[in-house]
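Please read all numbers here as calculations on a predicted model, not as lab measurements. Along the sequence shown, residues are numbered consecutively beginning with 1. Both counts, for ligands and for their atoms, begin at 1 and track the order of listing.
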Amino acid sequence: MYSLKINFEQKGLETVTLENVAADQSLLEVLLDAGIELHHNCGAVCACSTCHLYVKKGMEHIAELSDKEEDFIDRAVSPRIESRLGCQCELKAGTGEIEVTVPDQTQFLGE
Ligand code: FES
């Protein structure tokens with residue numbers, strides 16, 4: 001089980017902390033289940049970059065970056081070294097703290 005802190009770059013959104021987050025699901029699924037909007041225009045199949053987020057802490061608890069994911073991160077807005085695609089961030093079995101920052105999503109249309 002993880003503790004997940006979610007920060008937002010979009011003005012007016014407050015940091016959210018989720019406790020007891022289970023493994024074997026993606027960060028996209030966790031955020032959507034918590035009612036947090038994270039776009040996923042390709043339907044979570046690693047074919048867009050709208051689910052882009054930054055992993056500030058706990059990268060070791062998340063599935064490894066694939067070449068395909070890296071390709072799509074390159075097309076995201078403002079990619080950084082800690083960039084990941086939320087739909088590809090499967091949580092490994094374990095326990096600890098994860099912290100992410102969600103970029104401003106207001107520029108995206110769609111899901
Ligand atoms: S939803 Fe398209 S890459 Fe994650």
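Within 6.0 Å of CD on Glu19 lie more than 12 heavy atoms contributed by other residues, nucleotides or ligands.
Using a 4.0 Å cut-off to heavy atoms of His40, the atoms of ligand 1 that qualify are 1 (S). Contact atoms of ligand 1 toward Ala47: 3 (S) (distance under 4.0 Å to a heavy atom of the residue). Taking every heavy atom of Ala44 and a limit of under 4.0 angstrom, the matching atoms of ligand 1 come to 1 (S). Numbered from 1 in the order shown, with element, the atoms of ligand 1 that lie under 4.0 Å from a heavy atom of Cys46 read 3 (S).
In summary, an N, O or S atom of Cys42 is located under 2.8 Å from atom 2 (Fe) of ligand 1. Between atom 2 (Fe) of ligand 1 and Cys48 there is an N/O/S contact shorter than 2.8 Å.
At a threshold of 4.0 Å, the pair Lys5-Glu97 does not count as salt-bridged, since none of the basic side-chain nitrogens sits closer than that to a carboxylate oxygen. Ion pairing of Arg80 with Glu9 is present here, as a side-chain N (NZ or NE/NH1/NH2) and a carboxylate O approach within less than 4.0 Å.
Without hydrogens or angle criteria, Glu99 side chain to Val55 main chain gives no donor-acceptor distance under 3.5 Å.
Around atom 4 (Fe) of ligand 1, the angle linking Cys87 (SG) with Cys51 (SG) is 110°, rounded to 10 degrees.
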Apply the test side chain to side chain contact (heavy atoms under 4.5 Å, CB included) to residues Tyr54 and His52: give CA-CA distance (whole Å), side-chain angles for both, the deciding distance (0.1 Å), then the verdict. CA-CA 7 Å; Tyr54 304 111; His52 175 221; 3.5 Å; yes
Assess the residue pair Arg84 and Met59 against the criterion (side chain to side chain contact (heavy atoms under 4.5 Å, CB included)); give the C-alpha distance rounded to whole Å, side-chain angles, the decisive distance to 0.1 Å, and a yes or no.
CA-CA 10 Å; Arg84 293 296 304 263; Met59 191 71 97; 3.6 Å; yes
